[in-house]
Engineer: 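Before I ask anything, let me first share the structure, which is written out below as structure tokens.
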There are 2 protein chains.
Amino acid sequence: MTDGQSPRKRAQTSRAGSRRVNIQAVADGAGVSIATVSRVMSGKGGVSEPLAERVRRAAAELGYRPSFAAQSLATGATRMVGMVVPNLANPYFYDVIKDVNVAAVADGYQLAVADANEDPRAETELSESFLHKLDGLLLMSPRMDVPALRAIAQATDHLVLLNRVVPEVGIPTIAIDSMSGMLELCGHLHALGHRRAVYLGGPEHSWSNTERLRGIRQAGSFGLDVAEVSAGGTIAAGYDGAEKAWSTRPTAIICHNDLVAFGALTRLQELGVRVPEDVSLTGFDDIPFASYGSPALTTVAGQSGVGAAAWGLMKRLLAGHPQNEISLVPAHVVVRGSSAAPRAELVAAE
Amino acid sequence: MTDGQSPRKRAQTSRAGSRRVNIQAVADGAGVSIATVSRVMSGKGGVSEPLAERVRRAAAELGYRPSFAAQSLATGATRMVGMVVPNLANPYFYDVIKDVNVAAVADGYQLAVADANEDPRAETELSESFLHKLDGLLLMSPRMDVPALRAIAQATDHLVLLNRVVPEVGIPTIAIDSMSGMLELCGHLHALGHRRAVYLGGPEHSWSNTERLRGIRQAGSFGLDVAEVSAGGTIAAGYDGAEKAWSTRPTAIICHNDLVAFGALTRLQELGVRVPEDVSLTGFDDIPFASYGSPALTTVAGQSGVGAAAWGLMKRLLAGHPQNEISLVPAHVVVRGSSAAPRAELVAAE
DNA sequence: CTGTTAGCGCCTTCAT
DNA sequence: ATGAAGGCGCTAACAG
């Protein structure tokens with residue numbers, strides 16, 4: 001019960017059912033036509049100041065708010081864009097969301113985000129739903145299959161892909177260059193003296209995992225041998241996979257992302273394995289937690305511009321300028337305490 | 001560019017501008033009236049099977065999708081609800097969002113979330129915006145002031161408050177019982193032998209902080225002395241405030257939430273202060289990270305039902321049943337490695 | 001500068 | 001069981 005208000009908002013106040021205060025009510029109140037009210041409300045000018053003032057007053061008194069549905073129907077636009085993410089649980093996603101959000105708001109757009117809860121089907125459904133309700137759609141690291149993606153791409157031009165490159169379907173894309181980021185990370189480890197490492201892998205069919213693997217395999221060619229243990233993208237996955245990874249007696253464990261590294265770190269500590277004395281450990285993404293752990297995580301940070309760049313793409317799309325850009329933003333290693341030179345006897349034992 | 005599609009979707013294919021495939025197009029295609037199409041699409045029955053089949057086929061062939069805006073305008077509903085959160089960065093919020101989400105989806109509603117980025121004004125704006133676009137609004141730990149809240153409550157009956165109780169305004173609410181949760185936590189510390197602690201406080205005017213403080217002050221009456229150091233709700237705040245908290249030489253540091261505890265833990269370790277040997281440390285919320293840190297965090301977990309309960313409230317509201325329930329869900333202490341009995345000499349020194 | 005009017009696409013009585 | 005027609009609230013020509 002909201003205060004002493006009438007229980008039903010739709011109650012007709014006087015005679016004819018003047019339920020919601022609509023544009024007509026304001027027009028009547030101000031003694032003008034609805035067109036004038038519309039012009040005033042949309043701030044498009046072309047209305048004399050005295051009239052405009054009268055309209056504003058009437059609108060304020062009546063508590064008028066334009067109907068979103070009616071506006072959308074009439075204009076064909078909502079000034080809202082949607083973003084679907086596989087899982088809000090990863091702080092990295094949030095970082096990007098935040099950036100997209102501020103950029104969008106600055107341009108007068110509102111961002112609505114939906115969480116697919118790691119379910120590719122939910123992801124597809126949410127996308128289609130948003131697609132038909134909002135002006136644009138940002139897809140973050142989607143796990144849906146290519147046909148589903150193609151179907152969506154076919155239904156709209158206002159689509160931007162984040163952190164997944166799908167060459168078969170021409171969608172404007174912005175993604176972290178995971179491959180070279182990983183390669184650089186491997187280079188860091190190699191320079192430290194590491195020769196035998198393990199990759200604690202991420203979600204099987206995700207683009208980012210594929211790319212990071214590519215980087216790792218490249219690293220093999222310059223002398224860093226990396227075994228692979230599949231895990232997943234979560235803290236729990238890292239925790240669960242750590243023991244198996246350690247059992248191969250590597251001098252370094254390269255984790256798919258910071259979450260995995262975090263979980264692995266915990267498990268290693270439980271096992272009495274010291275990081276970085278006994279083994280080096282690395283993450284990916286540089287989430288806020290990464291710089292705080294003990295030890296702080298050596299990881300890979302994407303240049304921070306992903307979110308803003310994604311919005312830039314979307315903005316141009318919304319303005320009617322087709323884009324076909326697929327840009328990879330550079331990533332770079334952030335060295336912290338979790339990586340160090342391997343102990344001499346371990347390297348020698350090889 | 002999406003494949004070989006026409007660059008502009010609105011191009012008229014034949015003669016009269018038959019732009020978007022609308023209900024009329026389907027009706028024509030199936031040789032029926034739009035009313036019939038409408039009935040078939042909405043699955044309300046009352047249409048003979050042969051006809052229905054013809055309509056479905058026509059719709060599929062044309063790739064018909066009802067216009068969201070038109071449906072909303074005609075029915076006055078969207079089957080979407082919004083949720084605004086102060087900051088997606090806190091994993092605790094995400095936990096709740098996830099619960100609300102699955103419950104809502106199960107009832108055929110879609111959840112759109114918006115992030116206020118810690119800005120009360122943005123929070124108010126987002127809320128008002130959602131309010132006039134969607135069927136309902138969930139407000140999570142809102143920081144906006146009471147007048148703003150009241151204004152929103154006045155504009156709709158479909159409003160649910162999470163983790164903030166505002167007696168002055170009668171809004172259906174579901175909140176963690178922070179006060180007694182904190183009290184129980186203090187009880188745990190007291191039982192361990194602690195007598196002198198510090199509270200590393202959260203966002204100044206947030207309800208949760210106020211409640212947690214109340215719990216702490218209560219604790220004073222049974223012998224746990226707690227000084228207060230204000231910080232904030234983030235990892236960084238915990239990191240920054242830790243040294244000052246430690247400088248009071250407490251045997252325990254009680255943090256506003258797990259994020260703060262996490263940051264404080266890092267700083268303490270940098271200072272060479274061991275947890276829990278030199279000082280016990282506690283969090284609040286039991287976010288996933290809490291059980292993984294080293295040491296794992298002693299914290300307070302709300303009974304997991306907050307999200308589902310919030311949706312339950314909203315669902316009844318949407319069904320037209322006014323609610324005035326304000327329910328507090330119990331919270332309980334989760335003891336982990338970060339809390340232990342204080343060293344004897346410290347207690348004795350008192 | 002202001003008003004009139006025709007849609008926007010769909011739902012929903014009300015007849016048939 | 002089906003169709004015809006009147007809104008839902010607003011925007012955007014088009015007239016004046």
Side-chain angles (χ1 to χ4, degrees), chain A residues 9-10 12 16-56 58-59 62-80 131-135, chain B residues 9-10 12 16-56 58-59 62-80 131-135:
Chain A
K9 303 295 180 197
R10 300 219 144 202
Q12 49 255 47
S18 80
R19 41 193 70 180
R20 189 192 209 285
V21 309
N22 54 22
I23 199 171
Q24 183 67 62
V26 178
D28 292 349
V32 300
S33 75
I34 62 170
T36 299
V37 177
S38 175
R39 284 191 269 257
V40 173
M41 297 310 291
S42 61
K44 292 236 190 286
V47 177
S48 68
E49 193 41 44
L51 258 204
E53 188 47 36
R54 245 173 46 217
V55 170
R56 276 190 286 267
L62 296 169
Y64 170 66
R65 290 283 325 230
S67 151
F68 173 68
Q71 278 186 154
S72 306
L73 183 55
T75 63
T78 63
R79 296 202 72 84
M80 287 215 285
L131 194 62
H132 293 283
K133 300 186 202 216
L134 312 180
D135 293 351
Chain B
K9 303 294 180 197
R10 300 219 143 201
Q12 49 256 44
S18 80
R19 42 194 68 181
R20 190 192 208 283
V21 310
N22 56 21
I23 199 172
Q24 183 66 62
V26 179
D28 293 349
V32 299
S33 75
I34 64 169
T36 298
V37 177
S38 175
R39 284 191 269 257
V40 173
M41 295 312 289
S42 63
K44 291 236 191 289
V47 178
S48 68
E49 193 41 45
L51 258 203
E53 188 46 37
R54 238 165 61 209
V55 169
R56 277 190 285 268
L62 296 170
Y64 171 65
R65 291 283 325 230
S67 151
F68 173 67
Q71 276 185 155
S72 306
L73 182 55
T75 62
T78 63
R79 297 202 72 85
M80 287 214 283
L131 192 62
H132 293 283
K133 300 185 204 233
L134 312 179
D135 294 349

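The basis for the numbers below is simple: all heavy atoms, side chains too, and nothing from hydrogens, waters or symmetry mates. Keep in mind the model is a prediction, meaning the values are calculated, not measured.
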Engineer: Between OG1 of B:T78 and CG of B:D135, what distance do you get to the nearest 0.5 Å?
Structural biologist: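 Rounded to the nearest 0.5 Å, the OG1-CG separation comes out at 3.0 Å.
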Engineer: Sugar-phosphate means primed atoms, P, OP1 and OP2; the rest is base. With that split, encode nucleotides 10-16 of chain C 5' to 3' as B, S or - using protein heavy atoms under 4.0 Å.
Structural biologist: BBB----
Engineer: Runs of at least three consecutive Watson-Crick or G-U pairs, both distances under 3.5 Å, are what I'm after; which ones involve DNA chain D?
Structural biologist: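 The stems that DNA chain D takes part in, listed by first number, are C:1-16 with D:1-16.
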Engineer: With side chains defined as the heavy atoms from C-beta onward, is the minimum distance between A:V26 and A:V55 less than 4.5 Å?
Structural biologist: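 A:V26 vs A:V55: side chains touch.
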Engineer: May I have all residue pairs that pass side-chain hydrogen bond (donor to acceptor under 3.5 Å, both in side chains) and include part of residues 38-47 of chain B, sequence neighbours excluded?
Structural biologist: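 Non-adjacent pairs meeting side-chain hydrogen bond (donor to acceptor under 3.5 Å, both in side chains): zero.
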Engineer: Which residues, if any, of residues 46-55 of chain A bring a heavy atom under 4.0 Å of DNA chain D?
Structural biologist: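 Nothing qualifies; none.
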Engineer: Roughly how far apart are A:L134 CG and A:M80 CE, rounded to 0.5 Å?
Structural biologist: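 Output value for this atom pair is 5.0 Å.
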Engineer: How close do B:M41 and B:A59 get, counting heavy atoms only, and between which atoms?
Structural biologist: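 In this case the closest contact between B:M41 and B:A59 is SD-CB, 4.3 Å.
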Engineer: Does OP1 or OP2 of C:dT4 have a side-chain N or O of A:S33 closer than 4.0 Å?
Structural biologist: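 So the side-chain polar atoms of A:S33 never come under 4.0 Å of the phosphate oxygens OP1 or OP2 of C:dT4.
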Engineer: Specify the closest pair of heavy atoms between A:R20 and A:R65, including all atoms of both residues, with the distance to one decimal.
Structural biologist: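 Looking at all heavy atoms of both residues, the shortest contact is NH1-O, 2.9 Å.
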Engineer: Could you grab the distance from atom CD1 of B:I23 to atom CG of B:L62, nearest 0.5 Å is fine?
Structural biologist: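 Rounded to the nearest 0.5 Å, the CD1-CG separation comes out at 12.5 Å.
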Engineer: Please tabulate, for side-chain N and O atoms in residues 67-74 of chain B, each donor-acceptor pair with protein atoms closer than 3.5 Å (sequence neighbours left out).
Structural biologist:
| from | atom 1 | to | atom 2 | distance (Å) |
| --- | --- | --- | --- | --- |
| B:S67 | OG | B:A69 | N | 3.4 |
| B:S67 | OG | B:A70 | N | 3.0 |
| B:S72 | OG | B:F68 | O | 2.7 |

Engineer: Using side-chain contact (heavy atoms from CB on, under 4.5 Å) as the criterion, list what pairs up with A:R56, not counting sequence neighbours.
Structural biologist: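 side-chain contact (heavy atoms from CB on, under 4.5 Å) check on A:R56 returns A:V40, A:E49, A:A52, A:E53.
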Engineer: How close or far is atom C1' of C:dG9 from atom CG of A:L73, stated in whole angstroms?
Structural biologist: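 Whole-Å distance recorded here is 6 Å.
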